[in-house]
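Positions are given from 1 along the sequence.
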Amino acid sequence: IPVDTRKGEQHLPAFTALNPNAKVPVIVDGAITVFDSNAILLYLAEKSGQFLSPPPERGPMLSWLMFIASGIGPFTGQCVHFKHYAPEQIAYAVNRYDFEAWRHWKILDAHLANKPWMAGDSYTLLDMALWGWCRAVPFALGELAWEQLPNVKRVFDAVNARPAAQRAA
């Protein structure tokens, strides 16, 4: 069910009953409600048995998933907010979140330098989680950001080429 966040529909009681944090996305799967993009990806991957790293690599997969959730997401989001939407430009906030967003993205770029996908040789939910944030890179870090993040850009383009990503975009 579409939720128009520009109209504030995520704050209506019907939606906050699904996600008390009033954020999209949310899925309802029978009697189970799951919110947060990465939680949804993990839930669906476990349910379907697809897009997961096998047990020996599961720990690193979870580490990178949390890195995206707790690093890429918040720092990129705050970078966008303070650069483009804050009612006043606060140099300290702009500089801090720009620095941290770049730092996190460069860690990912270095991680991808010698592997085709986030988890190595296989496309997994990590690449899906990364893809969701990659779309914000030019807006957050500037139009030339891809020049400094060639490995992230390569994965972004590879995910973009997948039919499911094309349907979602």
Side-chain angles (χ1 to χ4, degrees), residues 1-5 9-10 15-80 100-141 145-169:
I1 300 170
V3 175
D4 191 338
T5 58
E9 291 176 358
Q10 74 276 21
F15 190 82
T16 58
L18 301 174
N19 182 353
N21 197 28
K23 302 285 183 190
V24 295
V26 173
I27 64 168
V28 178
D29 182 23
I32 297 175
T33 300
V34 184
F35 58 87
D36 188 87
S37 300
N38 288 343
I40 292 168
L41 286 172
L42 187 56
Y43 173 80
L44 292 173
E46 288 178 340
K47 181 177 178 172
S48 70
Q50 299 179 44
F51 307 114
L52 292 167
S53 297
E57 291 87 31
R58 186 69 51 90
M61 181 203 75
L62 292 171
S63 293
W64 284 109
L65 186 63
M66 295 309 119
F67 180 86
I68 292 168
S70 66
I72 290 292
F75 287 112
T76 302
Q78 292 300 312
C79 183
V80 165
E100 286 296 332
W102 270 111
R103 186 176 74 77
H104 281 77
W105 282 103
K106 287 180 179 180
I107 290 169
L108 282 177
D109 198 68
H111 172 73
L112 289 164
N114 297 311
K115 51 182 63 72
W117 300 103
M118 282 293 297
D121 293 331
S122 300
Y123 175 74
T124 68
L125 68 106
L126 290 175
D127 305 295
M128 297 173 203
L130 178 63
W131 176 76
W133 283 103
C134 282
R135 297 180 296 168
V137 165
F139 190 58
L141 304 177
W146 289 129
E147 293 175 14
Q148 295 183 53
L149 302 168
N151 300 307
V152 173
K153 178 68 161 100
R154 173 183 45 78
V155 171
F156 180 52
D157 290 343
V159 176
N160 275 335
R162 297 178 67 88
Q166 292 173 8
R167 285 191 305 273

Next on the checklist: What I'd like to find out is whether the side chain of Leu125 reaches to under 4.5 Å of the side chain of Met61, using heavy atoms alone.
Outcome noted: yes
Checklist entry - Any idea which heavy atoms bring Ser53 and Thr124 closest together, and the distance? => result OG-CG2, 4.1 Å
Item to check | Heavy-atom donor-acceptor pair, Asp4 side chain to Glu9 backbone, under 3.5 Å | outcome: no
Checklist entry - Would you say Cys79 and Trp102 make side-chain contact, with heavy atoms under 4.5 Å? => result no
Checklist entry - Are side-chain heavy atoms of Val159 and Trp117 found at a separation under 4.5 Å? => result yes
Item to check | Given Leu108, Leu126, Leu130, the one that forms side-chain contact (heavy atoms from CB on, under 4.5 Å) with Phe67 | outcome: Leu108
Next on the checklist: So for atom NZ, which belongs to Lys153, do other residues, nucleotides or ligands contribute more than 12 heavy atoms lying within a distance under 6.0 Å?
Outcome noted: yes
Checklist entry - Closest heavy-atom contact between Arg162 and Phe51? => result NH2-CE2, 4.2 Å
Next on the checklist: For a quick test of reading the model, state the closest non-hydrogen atom pair linking Leu141 to Ala101 and the distance between them.
Outcome noted: CD2-CB, 3.9 Å
Next on the checklist: When you measure from the side chain of Arg154 to the backbone of Pro116, do you find a donor-acceptor pair of N or O atoms at a distance under 3.5 Å?
Outcome noted: yes
Next on the checklist: In the structure I gave you, are the side-chain heavy atoms of Val3 and Val26 within less than 4.5 Å of one another anywhere?
Outcome noted: no
Next on the checklist: Show the nearest heavy-atom pair for residues Pro74 and Ala69, with the distance to one decimal.
Outcome noted: CD-O, 3.1 Å
Checklist entry - Roughly how far, to the nearest 0.5 Å, is the CH2 atom of Trp131 from the CE atom of Met118? => result 16.0 Å
Item to check | Main-chain N/O of Asn160 paired to Gln166 side chain as donor or acceptor, under 3.5 Å | outcome: yes
Item to check | Reported CG-to-CZ distance for the pair Asn21 and Phe35, which is rounded to 0.5 angstrom | outcome: 7.0 Å
Checklist entry - When rounded to the nearest 0.5 angstrom, what is the spacing between CG in Leu65 and CZ in Arg58? => result 11.0 Å
Checklist outcome for this item: CD1 (Ile27) and CG (Asn19) are apart, to the nearest 0.5 Å, by 12.0 Å
Item to check | Leu52 and Leu42, any side-chain heavy atoms less than 4.5 Å apart | outcome: yes
Item to check | Minimum-distance pair of heavy atoms, taken over all atoms of Val80 and Phe139 | outcome: CG1-CE2, 3.6 Å
Checklist outcome for this item: The reported gap from CH2 in Trp133 to OG1 in Thr76 (rounded to nearest 0.5 angstrom) is 6.0 Å
Item to check | Gap between atom CG of Leu44 and atom CE of Met128 - 0.5 Å precision | outcome: 9.0 Å
Checklist outcome for this item: Thr16 and Ala22 have their tightest heavy-atom pair at CG2-CB, 4.0 Å
Checklist entry - Does the cation-pi check pass for Arg103 over Phe75, that is, NZ or CZ under 6.0 Å from the six-membered ring centre and within 45° of its axis? => result no
Next on the checklist: Over 60° means perpendicular and under 30° means parallel, so tell me whether Phe156 and Trp146 are parallel, tilted or perpendicular.
Outcome noted: parallel
Next on the checklist: Keeping His111 on the side-chain end and Ile107 on the backbone end, is there a donor-acceptor pair under 3.5 Å?
Outcome noted: no
Checklist entry - So do the side chains of Asp121 and Lys115 get within less than 4.5 Å of each other, counting heavy atoms only? => result no
Checklist entry - Do Val34 and Asp29 have side-chain heavy atoms sitting under 4.5 Å apart? => result no
